[in-house]
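Step one of this worksheet: look at the structure below.
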Amino acid sequence: MDDFDNLENATVDDLKAIAKGQAEIASKVGDHLIAHLSLLKGDFGGFPIDRYDHCVQAATRAYNDKRSAEYVVCALFHDIGDTLAPYNHAEVVAEMLRPFIDDRHYFMVQRHGVFQGYYFWGKLGLDRNARDQYKDSPYFNDTVEFCEKYDSPSFDKNYPNLPIETFRPLIEEVLKSPKQASVYSSIFAKTK
């Protein structure tokens with residue numbers, strides 16, 4: 001492997017080494033998501049419980065309702081973008097999960113912020129029915145249900161959350177390989 005100061009000058013061996021390194025990073029996405037979720041501990045943002053417990057509670061509720069692994073993982077990570085991207089957290093998280101989730105779950109995560117507004121925006125003088133702009137989506141009712149059953153009620157201080165370790169096997173299952181092909185997944189595959 002040669003040193004290079006411009007990617008254009010990298011050799012095939014350099015690029016194979018980079019692809020191998022990137023594949024290793026990609027294999028740890030679940031750990032990185034959990035680490036970022038842990039950053040939400042102690043971040044109350046005015047809520048009665050911190051954002052970490054809110055996410056775990058939403059996932060616990062979905063898990064207890066025997067939702068799919070993909071659904072539970074979406075519930076677990078749905079708000080981890082709050083601190084990084086407070087103005088578009090839902091879109092950021094949806095893009096992070098996109099390679100691993102189907103279109104229904106992608107829409108649900110991507111739009112949950114607007115759908116969640118139904119429960120409180122009217123009290124702030126905003127349009128609580130802003131979610132209606134998506135009523136023609138085949139995933140509209142799924143997202144309504146997510147917010148109604150898992151997002152909105154998950155601020156309960158007394159709800160018995162499951163430990164994060166409960167979700168690790170589901171995270172590993174969902175993140176083991178991308179559903180959505182990308183140029184990156186093609187590159188990583190060449191290193192195997």
Side-chain angles (χ1 to χ4, degrees), residues 26-34 36-37 40 51-82 84-121 126-156 159 161-162 164 166-186 188-189:
S27 74
K28 297 176 184 172
V29 168
D31 292 334
H32 296 159
L33 288 171
I34 290 172
H36 191 75
L37 177 66
L40 301 180
R51 294 174 195 272
Y52 175 86
D53 283 332
H54 166 69
C55 288
V56 173
Q57 191 171 128
T60 298
R61 290 173 185 276
Y63 182 89
N64 289 342
D65 281 353
K66 300 186 180 356
R67 302 307 295 241
S68 70
E70 194 172 302
Y71 196 104
V72 172
V73 167
C74 287
L76 181 64
F77 294 129
H78 79 280
D79 275 346
I80 65 168
D82 276 347
L84 285 174
Y87 299 103
N88 64 336
H89 80 281
E91 293 89 348
V92 168
V93 174
E95 289 306 318
M96 291 168 63
L97 295 175
R98 182 65 180 136
F100 307 101
I101 61 177
D102 63 24
D103 291 341
R104 177 173 64 108
H105 294 122
Y106 175 74
F107 182 92
M108 182 180 80
V109 173
Q110 183 186 45
R111 300 292 177 216
H112 82 270
V114 174
F115 281 68
Q116 183 75 323
Y118 178 81
Y119 297 98
F120 68 96
W121 283 1
L126 301 171
D127 181 8
R128 78 180 296 224
N129 294 309
R131 69 185 188 181
D132 288 350
Q133 66 187 299
Y134 303 109
K135 65 183 169 189
D136 291 335
S137 168
Y139 312 120
F140 180 87
N141 291 330
D142 297 310
T143 310
V144 166
E145 179 186 53
F146 172 74
C147 290
E148 181 181 309
K149 292 178 83 172
Y150 306 111
D151 196 5
S152 187
S154 292
F155 296 97
D156 184 347
Y159 192 86
N161 286 350
L162 292 168
I164 194 69
T166 303
F167 304 110
R168 276 199 184 270
L170 303 177
I171 294 166
E172 289 172 13
E173 177 186 332
V174 171
L175 302 180
K176 88 178 137 192
S177 63
K179 286 183 173 186
Q180 309 292 330
S182 74
V183 71
Y184 296 108
S185 57
S186 299
F188 298 159

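If you're wondering where the values come from, they're calculated on a predicted model, not measured in any experiment. Hydrogens, waters and symmetry mates are skipped; everything else that's a heavy atom, side chains included, is used.
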Check whether Glu173 reaches the backbone of Ala69 with its side chain - one donor and one acceptor, N or O, closer than 3.5 Å. no

Is the shortest side-chain heavy-atom distance between Val144 and Phe115 below 4.5 Å? yes

d(Met108 CE, Asp151 CG) to nearest 0.5 Å is 9.5 Å

Would you name the heavy atoms of Leu40 and Asp79 that are closest together and state the gap between them? CD1-O, 3.9 Å

Go through the steps to decide whether Arg131 and Thr143 satisfy the test side-chain hydrogen bond (donor to acceptor under 3.5 Å, both in side chains), and finish with yes or no. CA-CA 9 Å; Arg131 69 185 188 181; Thr143 310; over 6 Å; no

Which residues satisfy the salt bridge (Lys or Arg N to Asp or Glu O under 4.0 Å) test with Asp103, sequence neighbours excluded? Arg98

Who are the ring-ring contact (aromatic ring centres under 6.0 Å, His included) partners of Tyr52, not counting sequence neighbours? none

Is Ser152 reaching over with its side chain to a backbone N or O of Glu148, donor-acceptor style, under 3.5 angstrom? no

Verdict with supporting geometry, His89 and His112, side-chain hydrogen bond (donor to acceptor under 3.5 Å, both in side chains): CA-CA 10 Å; His89 80 281; His112 82 270; 3.2 Å; yes

Atom OH in Tyr119, atom CZ in Arg128: separation rounded to 0.5 Å? 8.5 Å

Partner residues of Tyr159 under the ring-ring contact (aromatic ring centres under 6.0 Å, His included) criterion, sequence neighbours left out: none

Kindly write out the residues that satisfy side-chain hydrogen bond (donor to acceptor under 3.5 Å, both in side chains) with Asn88, not counting sequence neighbours, or none if the list is empty. none

Could you tell me whether the side chain of Leu175 reaches within less than 4.5 Å of the side chain of Lys28, counting heavy atoms only? no

Quick one: CG on Asn161 to CG on Asp53, what's the gap to the nearest 0.5 Å? 5.5 Å

Which atom names give the shortest non-hydrogen contact between Thr166 and Pro169, and what distance separates them? O-CD, 3.5 Å

When rounded to the nearest 0.5 angstrom, what distance separates CZ in Arg67 from SG in Cys74? 11.0 Å

Taking only residues two or more places apart in sequence or in another chain, which ones pass ring-ring contact (aromatic ring centres under 6.0 Å, His included) with Tyr150? Tyr71

Measure the CZ-NE2 distance between Phe146 and His105 for me, rounded to the nearest 0.5 Å. 9.5 Å

Is there side-chain contact between Leu37 and Ile164, with heavy atoms separated by less than 4.5 Å? yes

Return yes if some donor-acceptor pair links the side-chain N/O of Glu95 with the main-chain N/O of Val92 below 3.5 Å, else return no. no

So, using salt bridge (Lys or Arg N to Asp or Glu O under 4.0 Å) as the criterion, who are the partners of Asp156 when residues are at least two apart? none

A side-chain contact here means heavy atoms from C-beta on lying under 4.5 Å apart; do Leu33 and Ile171 qualify? no

Hydrogens and angles aside, do His78 and His54 bring a side-chain donor and acceptor to less than 3.5 Å of each other? yes

Does the side chain of Phe107 reach to within under 4.5 Å of the side chain of Asp142, using non-hydrogen atoms? no

Distance check, rounded to the nearest 0.5 Å: Leu76 atom CG versus Tyr63 atom OH? 12.5 Å

